[in-house]
A.B. asks: 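Take this structure, written in structure tokens, and hold onto it; I'll ask about it next.
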Amino acid sequence: MPTLDDVLRQIRALASADTFGTTKEVRHLPDVLFDDEPVLGITSGMMAGDTWLIVCTDRRVVLLNRGLVYGLKQREMPLERINSIEHSTGLVLGSIAIWDGADRMEIRNVVKQTVMPFVDAVNRARVALGSERASGDDRVTQLERLADLRERGALTEAEFDEQKRRVLEA
């Protein structure tokens, strides 16, 4: 689990971040994030009458709301389930809507300067996740092809093992 200092350092490193009114949520982030899960984008806004912290990582979008006195509401959407992300901006504030095919989360009253950086972070993370999956699919295809060559006798067991090791290390 990352420490609060680790999380705050990641937030400060972002080009644009807004955590207005979400101090309790930011303090709770280390309990929500995995050890190797970086904060790629962060902002705050209103949803269902409450102020929420919205965080983009390399695997999900997390929304946190700590109650005034107690309680925690947490929603998350894995990046691979996100179908689209929409945004709009006005003079000062904007909104972000995220669709996963079955559900739509709309966050309003987002500081205008953080809307596009957050949307860009989500889109970059989705592309990176898709690239990782594609390379994983490529590996599976390569391993299947190697197994087929071995079964047909075109590769010896030692040659198959060597080629398999290279594919898995790539």
Side-chain angles (χ1 to χ4, degrees), residues 1-139 170:
M1 175 169 37
T3 67
L4 180 57
D5 285 339
D6 294 336
V7 171
L8 292 174
R9 206 173 2 268
Q10 290 179 44
I11 292 170
R12 282 191 297 271
L14 297 172
S16 180
D18 173 46
T19 58
F20 180 77
T22 58
T23 303
K24 291 185 284 186
E25 289 82 358
V26 170
R27 276 193 249 129
H28 187 69
L29 262 180
D31 298 331
V32 174
L33 298 175
F34 298 109
D35 285 337
D36 60 342
E37 189 174 22
V39 175
L40 305 176
I42 192 166
T43 191
S44 63
M46 300 291 291
M47 185 170 72
D50 293 321
T51 302
W52 290 74
L53 180 69
I54 305 104
V55 181
C56 174
T57 73
D58 62 348
R59 58 191 84 162
R60 60 191 171 147
V61 172
V62 179
L63 291 92
L64 293 173
N65 171 259
R66 300 281 319 227
L68 286 175
V69 178
Y70 65 91
L72 169 70
K73 296 178 198 171
Q74 178 177 334
R75 294 185 68 183
E76 58 183 74
M77 193 178 286
L79 291 175
E80 65 264 10
R81 285 190 39 213
I82 294 176
N83 292 342
S84 69
I85 183 166
E86 302 169 357
H87 68 280
S88 64
T89 56
L91 287 174
V92 178
L93 301 173
S95 67
I96 299 169
I98 304 171
W99 290 83
D100 74 352
D103 196 16
R104 179 177 190 260
M105 294 188 294
E106 184 172 6
I107 304 92
R108 297 173 186 251
N109 298 341
V110 178
V111 172
K112 178 181 177 179
Q113 290 79 6
T114 65
V115 171
M116 277 313 298
F118 186 84
V119 170
D120 289 344
V122 171
N123 285 328
R124 281 192 307 272
R126 287 175 61 208
V127 167
L129 186 66
S131 297
E132 286 176 21
R133 284 224 161 75
S135 68
D137 292 345
D138 289 347
R139 287 183 186 145

A.B. asks: We want to know whether Ser16 and Thr114 form a side-chain donor-acceptor pair, criterion being a heavy-atom distance below 3.5 angstrom.
C.D. replies: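 Their side chains do not contain a donor-acceptor pair, so the 3.5 Å distance test is not met.
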A.B. asks: Is any side-chain heavy atom of His87 less than 4.5 Å from a side-chain heavy atom of Phe118?
C.D. replies: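 They are not in side-chain contact.
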A.B. asks: For Val7 and Pro30, work out which heavy atoms get closest and say how close.
C.D. replies: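 So the minimum-distance heavy-atom pair works out to CG2-CG, 4.0 Å.
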A.B. asks: Only one of Ile96, Val55, Ile85, Leu79 forms a side-chain contact (heavy atoms from CB on, under 4.5 Å) with Val61, so which one is it?
C.D. replies: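 The passing option is Leu79.
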A.B. asks: Hey, what do you get for OG1 (Thr19) to CD1 (Ile54), rounding to the nearest 0.5 Å?
C.D. replies: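 Spacing of OG1 (Thr19) from CD1 (Ile54) equals 11.0 Å.
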A.B. asks: Give the minimum heavy-atom separation between Ser44 and Asp18, together with the two atoms involved.
C.D. replies: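 Minimum heavy-atom separation between Ser44 and Asp18: OG-OD2, 2.9 Å.
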A.B. asks: Kindly indicate whether the side chain of Leu53, heavy atoms from C-beta on, has any atom under 4.5 Å from the side chain of Leu29.
C.D. replies: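 Leu53 vs Leu29: side chains touch.
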A.B. asks: Is it the case that the side chain of Asp6 and the backbone of Thr3 share a donor-acceptor pair, with hydrogens and angles ignored and the cut-off at 3.5 Å?
C.D. replies: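 Yes, because the side chain of Asp6 sits within donor-acceptor range (under 3.5 Å) of the backbone of Thr3.
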A.B. asks: Determine yes or no for a side-chain-to-main-chain donor-acceptor pair under 3.5 angstrom, with Thr89 supplying the side chain and Lys112 the backbone.
C.D. replies: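 Here the side-chain-to-backbone pair does not exist.
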A.B. asks: Taking all non-hydrogen atoms of both residues, which atom of Ile42 and which atom of Ala17 are closest, and how far apart?
C.D. replies: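 Scanning both residues, the minimum pair turns out to be CG2-CB, 3.4 Å.
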A.B. asks: Where is the tightest heavy-atom contact between Leu63 and Met105, given as atom of each residue plus distance?
C.D. replies: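 The pair with the smallest heavy-atom distance is CD1-CE, 3.5 Å.
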A.B. asks: Salt bridge (charged side-chain N to carboxylate O under 4.0 Å, His left out): which pairs involve residues 36-58, sequence neighbours left out?
C.D. replies: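 For residues 36-58, and leaving out neighbouring residues, the salt bridge (charged side-chain N to carboxylate O under 4.0 Å, His left out) pairs sorted by first residue read Asp36-Arg59, Glu37-Arg60, Asp50-Lys73.
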A.B. asks: Is it the case that over 12 heavy atoms from other parts of the model lie below 6.0 angstrom from the CZ atom of Arg104?
C.D. replies: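 Count over threshold, so yes.
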A.B. asks: Examine distances only and state if a side-chain atom of Gln10 and a backbone atom of Val39 form a donor-acceptor pair shorter than 3.5 Å.
C.D. replies: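 Yes; at least one donor-acceptor contact below 3.5 Å.
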A.B. asks: For Arg75, enumerate each residue passing the side chain to side chain donor-acceptor pair (under 3.5 Å) test, keeping only those at least two apart in sequence or located in another chain.
C.D. replies: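 For Arg75 the side chain to side chain donor-acceptor pair (under 3.5 Å) partners, ignoring immediate neighbours, are Asp103.
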A.B. asks: Kindly write out the residues that satisfy salt bridge (charged side-chain N to carboxylate O under 4.0 Å, His left out) with Asp5, not counting sequence neighbours, or none if the list is empty.
C.D. replies: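 For Asp5 there are no salt bridge (charged side-chain N to carboxylate O under 4.0 Å, His left out) partners, ignoring immediate neighbours.
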A.B. asks: Checking Gln74 side chain against Leu64 main chain: does a donor-acceptor pair fall under 3.5 Å?
C.D. replies: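 Answer holds: no.
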A.B. asks: So, taking the atom named CG in Leu93 and the one named CD in Gln113, what distance separates them when rounded to the nearest 0.5 Å?
C.D. replies: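 So the gap between those two atoms works out to 9.0 Å.
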A.B. asks: Can you check whether Val115 reaches Thr43 side chain to side chain, under 4.5 Å on heavy atoms?
C.D. replies: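 No. Closest side-chain heavy atoms not under 4.5 Å.
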A.B. asks: What's the shortest heavy-atom distance between Leu40 and Ala125, and which atoms?
C.D. replies: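 What the structure gives for the nearest pair is CD1-CB, 3.9 Å.
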A.B. asks: Taking the side chain as everything from C-beta on, heavy atoms only, tell me whether Thr51 gets closer than 4.5 Å to Met46.
C.D. replies: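 Touching, per the 4.5 Å side-chain cut-off.
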A.B. asks: Taking all non-hydrogen atoms of both residues into account, name the closest pair between Met77 and Asp100 and its distance.
C.D. replies: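 Closest heavy-atom pair between Met77 and Asp100: SD-CB, 3.5 Å.
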A.B. asks: Could you give the distance from NE2 (His28) to CG (Leu33), rounded to the nearest 0.5 Å?
C.D. replies: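 Going from NE2 on His28 over to CG on Leu33, the span is 9.5 Å.
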